[in-house]
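Have a look at the structure below before the remarks.
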Amino acid sequence: MEHLIQHFRKDEQTFIEKVIGWQREVEDRFTPKLTDFLDPRERFIVSSIVGQNNELSVHHFGGFDEAERQRLFICPNYFQPTKNDFEISFFAVNYPSKFVQLKHPDVLGALLSLGIGRSKFGDIRIEEDIIQFAVAKEVQDYVLVNLTSIGKSKVKLEQIDYHQLIKLEEEWFDKTYTVSSMRLDVIIATVLNISRQKSQSLIKAGKVKVNWTIREDASFEVQEGDILSARGFGRLKVIMSEGRTKKDKLRLQIGRLEKK
């Protein structure tokens, strides 16, 4: 386990300890553990740690296609969870869409203002005037009663079935890039085709996230599997390193998200 932990970053240690606790709980009691909603990096950490134990398996579900935030179900191998075991509820937001345009930050802000942590909410999907979101079943009644406005608009929630969820219209395109190092500013500049200076100013302005955490240090070391986002430029995923070139540069396979 020590050997495994070295592969993760210092600021991920607290989460790693929590995951080790979940694993022990399932091993000792033979009872499944359902987590809150986790982002892809957190899910990667859980799978890496729990995957060391051949008697346990990790299942995930977030409702939406390619859901970014999903709940995990850690259980003994013989247990096969159903969608109901993930205890996720889905809501559609009814609002006067002729007069108001609501965006993702408006919806997220309204949900967080209810005083419930982000980990109880899954993805928020918006397509034209349709807004839907996922929420942990244990807080659904509270959300239903208390979410009465988003932005300046009055809203009414309607519980929907998972079959009614918006389908995702986006695609990842993979391409190989050559970079001089794994520094954050180098990778952002290369993939987005902007100057190193512009890349550094985006980072220092707090507009770049690695695995959903703002990173303001241009020399931050990026790793395989990281998901990067730069405000206004969309998302990138460092898929894998393909070795070095003759000039000792790194060859990286990087995915870029394009919305249709």
Side-chain angles (χ1 to χ4, degrees), residues 4-16 19 37-49 60 62 64-70 72 103-105 108 118-119 121-126 168-245 248-260:
L4 187 71
I5 289 171
Q6 290 164 6
H7 291 292
F8 299 115
R9 298 191 171 100
K10 281 251 181 319
D11 57 9
E12 294 173 330
Q13 294 295 329
T14 313
F15 181 69
I16 288 164
V19 176
F37 286 97
L38 304 178
D39 66 39
R41 176 66 181 177
E42 292 168 327
R43 296 203 299 278
F44 170 72
I45 293 173
V46 175
S47 300
S48 303
I49 292 171
H60 51 89
F64 295 98
D65 284 350
E66 302 290 322
E68 194 165 89
R69 299 176 61 75
Q70 303 184 23
L72 296 192
K103 295 199 165 95
H104 191 287
L108 180 58
R118 179 70 177 105
S119 62
F121 298 110
D123 282 13
I124 296 164
R125 291 279 166 95
I126 301 181
L168 194 58
E169 292 289 317
E170 58 181 33
E171 255 183 275
W172 287 86
F173 293 97
D174 300 352
K175 194 174 159 189
T176 300
Y177 294 87
T178 312
V179 294
S180 56
S181 79
M182 294 296 279
R183 280 174 57 117
L184 183 56
D185 59 344
V186 171
I187 289 179
I188 292 284
T190 308
V191 180
L192 301 182
N193 198 15
I194 57 176
S195 70
R196 185 93 172 263
Q197 206 174 352
K198 173 94 193 278
S199 161
Q200 289 175 350
S201 61
L202 277 173
I203 294 164
K204 293 200 172 85
K207 292 182 177 172
V208 173
K209 291 183 182 178
V210 179
N211 303 322
W212 294 268
T213 303
I214 292 172
R215 299 285 178 187
E216 294 177 352
D217 175 9
S219 65
F220 181 82
E221 281 283 308
V222 175
Q223 296 175 357
E224 274 185 46
D226 281 347
I227 293 187
L228 282 50
S229 63
R231 200 179 307 157
F233 290 96
R235 283 215 174 125
L236 316 170
K237 180 173 184 181
V238 182
I239 299 167
M240 62 186 278
S241 167
E242 298 176 346
R244 289 185 177 270
T245 65
D248 210 31
K249 293 229 173 152
L250 290 160
R251 210 184 265 117
L252 293 180
Q253 192 185 344
I254 292 182
R256 195 162 176 187
L257 185 63
E258 312 251 332
K259 284 198 164 47
K260 287 183 186 170

The side-chain contact (heavy atoms from CB on, under 4.5 Å) partners of Ser181 (sequence neighbours excluded) come to Arg183, Val186
Considering all heavy atoms, the nearest Gly255-Ile239 contact: N-CD1, 3.6 Å
Minimum heavy-atom distance Leu192-Ala230, with the two atoms named: CD1-CB, 4.0 Å
Taking atom CD1 of Ile126 and atom NZ of Lys103, what is their separation to the nearest 0.5 Å? 9.5 Å
Test: salt bridge (Lys or Arg N to Asp or Glu O under 4.0 Å). Region: residues 203-225. Which pairs qualify, not counting sequence neighbours? Asp11-Arg215
Student check: side-chain heavy atoms of Ile254 and Lys175 closer than 4.5 Å: no
List the steps and the verdict of side chain to side chain contact (heavy atoms under 4.5 Å, CB included) for Ile16 and Ile45. CA-CA 7 Å; Ile16 288 164; Ile45 293 173; 3.8 Å; yes
Decide yes or no for Thr176 and Glu242: does some side-chain heavy atom of the first lie under 4.5 Å from some side-chain heavy atom of the second? yes
Residues in side-chain hydrogen bond (donor to acceptor under 3.5 Å, both in side chains) with Asp226, at least two apart? Arg9, Asn211
Drop me the distance from Leu250's CG to Thr245's OG1, to the nearest 0.5 angstrom. 8.0 Å
Leu228 side chain near Val208 side chain, heavy-atom distance below 4.5 Å: no
Beyond-backbone contact of Phe15 with Val46, side-chain heavy atoms, under 4.5 angstrom: yes
Crowding at CG, Asn193 (>12 non-hydrogen neighbours, <6.0 Å): no
When rounded to the nearest 0.5 angstrom, what distance separates NE2 in His60 from CG in Leu72? 7.5 Å
Which residues pass the side-chain contact (heavy atoms from CB on, under 4.5 Å) test with Arg118, sequence neighbours left out? Arg69, Leu108, Leu112, Phe121
Please answer whether the main-chain N or O of Gln197 pairs with a side-chain N or O of Gln200 as donor and acceptor at a distance below 3.5 Å. no
Point-to-point distance, once rounded to the nearest 0.5 Å, from CD of Glu12 to CZ of Arg41: 4.0 Å
Verdict with supporting geometry, Phe220 and Ile203, side chain to side chain contact (heavy atoms under 4.5 Å, CB included): CA-CA 10 Å; Phe220 181 82; Ile203 294 164; over 6 Å; no
Sequence neighbours left out, what pairs pass salt bridge (Lys or Arg N to Asp or Glu O under 4.0 Å) with at least one residue falling in residues 192-201? Asp185-Arg196
Hey, could you give me each pair passing side-chain hydrogen bond (donor to acceptor under 3.5 Å, both in side chains) that has a residue in residues 227-241? Not counting sequence neighbours. Glu68-Arg235
Atom pair OH (Tyr177) and OG1 (Thr190), whose distance is rounded to the nearest 0.5 Å: 9.0 Å
Please give me the minimum heavy-atom distance between Pro40 and Trp212, naming the atom from each residue. CD-CH2, 3.2 Å
Verify, without hydrogens or angle tests, whether Ser199 (side chain) and Ser195 (backbone) share a donor-acceptor contact under 3.5 angstrom. no
Determine, stepwise, if the pair Ile194 / Leu202 fulfils side chain to side chain contact (heavy atoms under 4.5 Å, CB included). CA-CA 11 Å; Ile194 57 176; Leu202 277 173; 3.9 Å; yes
In sequence, state the C-alpha distance, the side-chain angles, and the governing distance for Asp174 and Arg256, and then conclude on side chain to side chain contact (heavy atoms under 4.5 Å, CB included). CA-CA 6 Å; Asp174 300 352; Arg256 195 162 176 187; over 6 Å; no
Calculate, to the nearest 0.5 Å, the distance between atoms CD1 and CG belonging to Ile187 and Leu252 respectively. 5.5 Å
